[in-house]
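Order of the sequence lines sets the chain letters (A, B, ...), proteins ahead of strands, with each chain counted from 1.
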Protein chains: 2
Amino acid sequence: MTDRVPADDPYHELREAIVGGQLHPNERLTETSLAERLGAGRTAVRAALVRLDQEGLITLERNRGARVRHISDAEALEIEEVRAALEGMLARRAASRIGASDLRSLHDVLGRMRDRVEQGDSIGYSELNATFHQRIWAAAGHPTASRIVGSLKSQAIRFQYQTALRPGRAQRSLTEHEAIFAALKAHDADAAETAMRNHLAEVLDTLRWAIESQHKTARWLPG
Amino acid sequence: MTDRVPADDPYHELREAIVGGQLHPNERLTETSLAERLGAGRTAVRAALVRLDQEGLITLERNRGARVRHISDAEALEIEEVRAALEGMLARRAASRIGASDLRSLHDVLGRMRDRVEQGDSIGYSELNATFHQRIWAAAGHPTASRIVGSLKSQAIRFQYQTALRPGRAQRSLTEHEAIFAALKAHDADAAETAMRNHLAEVLDTLRWAIESQHKTARWLPG
DNA sequence: CTTGGCTAGATTGTCGACATTATTGACGAT
DNA sequence: ATCGTCAATAATGTCGACAATCTAGCCAAG
């Protein structure tokens with residue numbers, strides 16, 4: 001299998017490396033070494049770095065080079081808040097536009113999520129969770145909001161699995177998703193937005209809890 | 001007021017030129033001529049173009065150069081929807097955090113808005129309107145959301161004054177802003193979000209109306 | 001008169017070299 | 001021993017030149 005990368009241009013490769021966790025927060029990125037590793041020229045790497053900076057995945061300081069951006073806990077919470085607002089709107093839109101085939105596909109994902117909960121597979125559940133939300137964005141037919149939400153998601157990727165640590169969270173999360181699905185199936189815009197906002201408010205609370213409990217166990221670890 | 005330019009680097013200058021309307025939608029941007037006009041090197045111009053592309057203000061096609069991005073009517077409506085969702089959240093946050101001095105400043109802006117309505121000065125009103133909203137973003141203390149909303153605003157700049165064309169709109173807009181202010185002053189988060197969402201729903205409707213009536217008068221003008 | 005291919009010009013993409021700026025480590029003063 | 005200063009080194013910022021690519025206009029064939 002030839003590692004299917006969206007493209008071999010430095011931008012996408014770097015993006016994958018950051019989002020995929022190969023490059024760690026605060027890690028220094030020197031243009032020449034990146035150019036070497038990616039088999040590209042320094043010019044192309046520079047262009048990629050500018051894009052990633054604008055996208056919020058790295059920070060670019062004049063004459064001081066690039067680092068993988070470290071998203072603070074506070075910032076992660078902010079991102080989650082924005083997601084809540086936008087996904088609430090997307091759910092509302094999706095409720096009135098979603099078609100039968102998208103509903104079936106959502107129902108299928110939901111079923112697989114239920115399996116994962118029963119098997120206690122948190123990682124698998126988190127990934128299906130992401131899929132579930134993405135299907136809703138697609139059904140909403142709102143490129144502008146989807147783009148923004150997608151960008152935010154990759155910034156906060158480091159926190160993706162944190163919420164799964166809380167005991168019993170997966171079970172309740174599943175219930176919340178079922179409520180969202182029901183509202184979408186009924187094409188009830190108000191209910192869909194409410195259900196989505198409720199769900200993401202819970203996620204936000206859980207994230208606060210996860211960050212809090214992390215601070216208790218490891219108070220001054222770098223990271 | 002001496003048109004305060006953030007810096008003389010090509011990125012900010014180009015940004016100002018696009019947002020300020022000196023460069024028109026779909027206008028071709030050639031690197032050499034830009035470099036000449038800005039007194040900068042082609043390298044710096046290229047970097048600026050990459051940033052502006054990522055920001056959505058221009059489109060950059062490989063080997064085909066850059067153009068000022070044309071925001072379609074549909075896209076403008078999408079942007080306004082996202083703004084509504086985000087500003088609703090920001091108003092909610094602002095309600096619980098806004099201090100006395102920010103409230104005074106908001107009240108002051110509101111007063112000047114009232115003056116403009118009485119004088120029938122639509123342009124002046126629109127600008128104060130923008131100021132009013134920006135003060136709320138600042139009071140919300142939410143950099144992530146503020147950045148996104150600010151970026152969206154500059155993309156949709158072309159539509160800024162469109163809503164002012166509707167007869168009687170300014171008067172009702174003023175009333176809506178007064179409701180927002182009252183909720184903020186009372187530190188009522190729910191009311192603030194509701195008032196802001198109501199307001200932006202009205203703006204969205206008015207924008208739909210403006211676009212509609214424009215299509216009636218000039219059906220196939222390029223643009 | 002229209003359509004298709006082709007050439008000339010213009011524009012972008014890439015590379016290498018050099019100037020400018022930060023960082024690191026050694027050295028000497030206190 | 002600690003701190004401040006300064007040179008050596010490494011990295012970034014900028015420029016110019018050349019290659020690759022697109023665009024516009026011309027010319028011939030149908």
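In this entry the distance linking CD of A:Glu27 with P of D:dA11 reads 14 Å, nearest Å. Across the protein-nucleic acid pair, B:Glu31 atom CD and D:dC22 atom P stand 15 Å apart, rounded to whole Å. Counting to the nearest Å, the C1' atom of C:dC15 and the CZ atom of A:Arg42 are 10 Å from each other. Rounded to whole Å, atom C1' of C:dA10 lies 16 Å from atom CG of B:Leu29. Atom CG in A:Asn63 sits about 15 Å away from atom P in C:dT24, given to the nearest Å. Atom pair B:Glu36:CD and C:dT11:C1' shows a separation of 14 Å (rounding to whole Å applied). A straight line from CD of A:Glu61 to P of D:dA11 spans 17 Å, rounded to a whole angstrom. At whole-Å resolution of the value, CZ in A:Arg51 and P in C:dG13 are 12 Å apart.
Salt bridge annotation for A:Arg104-A:Asp108: absent, with no cationic side-chain nitrogen under 4.0 angstrom from a carboxylate oxygen.
For A:Gln155 (side chain) and A:Glu55 (main-chain N/O), a donor-acceptor pair under 3.5 Å exists by modelled atom type. A distance-only check finds no donor-acceptor pair linking the side chain of A:Arg166 to the backbone of A:Ala210 [under 3.5 Å]. Side-chain atoms of A:Asp53 come within 3.5 Å of backbone N or O of A:Leu60 as a donor-acceptor pair.
Across the interface with DNA chain D, nearest-nucleotide mapping of B:Arg62 and A:Gly65 shows A:Gly65 to be the residue nearer the 5′ end.
Proximity note for A:Thr43 (side chain, C-beta onward) versus C:dT12, C:dC15, D:dG13: the nearest is C:dC15. For B:Arg46, whose side chain is taken as the heavy atoms from C-beta onward, the closest listed nucleotide among D:dT21, C:dT14, C:dT11 is C:dT14.
Using a 4.0 Å heavy-atom distance criterion, A:Leu60 is classed as making no nucleic acid contact.
Under 3.5 Å, the side chain of A:Arg64 and the base of D:dG13 form no donor-acceptor pair of N or O atoms.
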